[in-house]
Amino acid sequence: MQLDTNRFLRDLRSLRDIGRYRTGVHRPTYGAEDMASRHWLCERLVEVGLEPSIDGIGNVFGRGPATGTRLLAGSHLETQNHAGWLDGALGVVGALALARAGLPVDVCTYADEEGHYGNMIGSRSLIGDLSEQQIDLARNKNDGTSLRDALASAGLAGRPRLMPDLSRYKAAIEMHIEQGTQLESANHRVGVITGIVAIQHWRITFEGQQDHTGGTTMGERRDAGLSAVRFLSQIDQEFPRICGERTVWTTGRIVLEPNSTAIIPGRAEIDFSFRDLSSEVMERLRACLRRLLQESNRRERCTATMQQISELQPTLCDPAILDAFSLAAGELCPDHWQKMPSGAIHDSNVLGRRLPVGMLFVPSINGISHHWSEDTKEEDLVMGMQVFARGAEAYLANG
């Protein structure tokens, strides 16, 4: 293996110029900048001896010879709006560097991991978990553009969707920035990922009585907004008593109706989610949420109901890949690495349904991601690439 870390850094910087925004990038899915980055990658794939293609959902695939054991490696190229230059791109360029070094790797860029049109539609398409009907129904979360129209504008309409024979791969691997502060806080340079957390997303609705804020006494009111706030306060009291060490929970959306200063809210809607790697912890949190809902309905004047919007199961990383990355990290940066779960969701979560998966993290400066100021020290990028390559080589060599 002949790893060229200088070329790895140059490729990262070249990719950063496509859709550059301040110190970050702006490459929304299927936009001109996103498609330019995909064509840029196709040119690089030819250079490393892989056969490039862009399929009907926008996945870029660099395929090597059909003989022998191979790895599938990659990430995504599109970004959140006006966001960072390494999220996703690091994993793609890292996979390219593996192929350039001579490892038997097929490189893939999975379309729309960032969810502009849906939940990781590129990797789901690759494993056969995205139907034509789901494509028909998908819309852009920002402007409502249909996925079919976006594919047509990007020149992808009519192309077949690639569904490769995944049995040709020993595993799927991905390098990524941490998007948090754990590594930086511990003065660590590499994180070897043990698994990708589960997520449950719930919508909780409170039905009260819309009325005038001046003429309705406090004793008469059925204020859905106040009931919602009290419910969230109860969550913050109860969840810490039963959560795991790395459990997180988020109120991502609150909508009051009619949302006017002169009207008592007659309805409140909350989007609430929680994450942990442990299925046991997730079940405790689910049970607690249901209990709190029952107590709210007993105590409050507003009726509360709860609907599960989505659920992602945890994905545990393959023990053999974890051992290979751990050994490489111990050799290359002793005392400056750690095992850790991924609190964010990645395409590896989807691929893990069909293949063994492994992930490696490098630190994010100040933990910032999904923002144009996202960055990682150059020496940490190089160290991460070296560990990624040595670990992948060792995993392949071990049968």
Side-chain angles (χ1 to χ4, degrees), residues 3-48 50 52 54 58-60 62 73-101 105 107-116 122 154 174-180 183-184 189-190 344 346-347 359-389:
L3 181 65
D4 187 346
T5 55
N6 288 326
R7 180 59 189 269
F8 161 71
L9 292 173
R10 288 201 305 271
D11 283 343
L12 272 175
R13 296 187 192 107
S14 295
L15 190 53
R16 185 185 200 170
D17 288 334
I18 303 175
R20 179 184 282 269
Y21 174 80
R22 301 180 74 168
T23 60
V25 292
H26 178 66
R27 289 197 298 261
T29 308
Y30 307 125
E33 297 86 357
D34 178 39
M35 295 308 298
S37 72
R38 296 175 192 278
H39 290 293
W40 174 92
L41 178 61
C42 287
E43 294 174 2
R44 304 291 81 74
L45 292 171
V46 172
E47 293 174 358
V48 301
L50 299 179
I54 305 178
N59 289 332
V60 180
S75 192
H76 60 96
L77 284 173
E78 84 287 330
T79 70
Q80 291 287 342
N81 295 329
H82 309 108
W85 71 294
L86 292 169
D87 181 3
L90 176 63
V92 174
V93 175
L96 183 66
L98 295 182
R100 195 183 296 280
V105 169
V107 176
C108 192
T109 292
Y110 313 106
D112 202 27
E113 187 269 359
E114 293 293 1
H116 291 270
E174 182 176 2
M175 180 163 61
H176 210 278
I177 55 172
E178 181 193 350
Q179 302 177 289
L183 292 174
E184 187 179 62
R189 303 180 67 187
V190 167
H346 306 279
D347 287 302
M359 289 194 72
L360 197 77
F361 279 1
V362 295
S364 297
I365 295 175
N366 296 323
I368 295 172
S369 184
H370 285 188
H371 186 268
W372 55 263
S373 62
E374 166 191 288
D375 206 359
T376 295
K377 295 177 183 177
E378 186 173 286
E379 57 266 33
D380 289 336
L381 292 173
V382 170
M383 177 58 71
M385 186 67 244
Q386 290 171 334
V387 172
F388 192 54

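A donor and an acceptor atom, one from each side chain of Asp347 and His76, are nowhere located under 3.5 Å apart. A side-chain donor-acceptor contact under 3.5 Å links Glu374 and Ser369.
Salt bridge status for Arg13 with Asp17: absent, with no side-chain N to carboxylate O gap under 4.0 Å. A salt bridge links Arg100 with Glu47: the distance from a Lys NZ or Arg NE/NH1/NH2 to an Asp or Glu carboxylate oxygen falls below 4.0 Å.
Side-chain contact between Leu183 and Asp380 is absent, with no heavy atoms from C-beta onward closer than 4.5 Å. Residues Val93 and Met175 are not in side-chain contact: their nearest non-hydrogen atoms beyond the backbone lie 4.5 Å or more apart. Between Met383 and Val362 the shortest side-chain heavy-atom distance does not fall below 4.5 Å. Side-chain contact check for Ser75 versus Leu90: every heavy-atom pair is 4.5 Å or farther apart. Looking only at side-chain heavy atoms (C-beta outward), His176 and Asp87 come within less than 4.5 Å of each other. Using a 4.5 Å heavy-atom cutoff, the side chains of Val190 and Leu360 are in contact.
Classified by interplanar angle (parallel below 30°, tilted 30° to 60°, perpendicular above 60°), the ring pair His82/His26 is parallel. Ring geometry for His346 versus Phe361: interplanar angle over 60°, hence perpendicular rather than tilted (30 to 60°).
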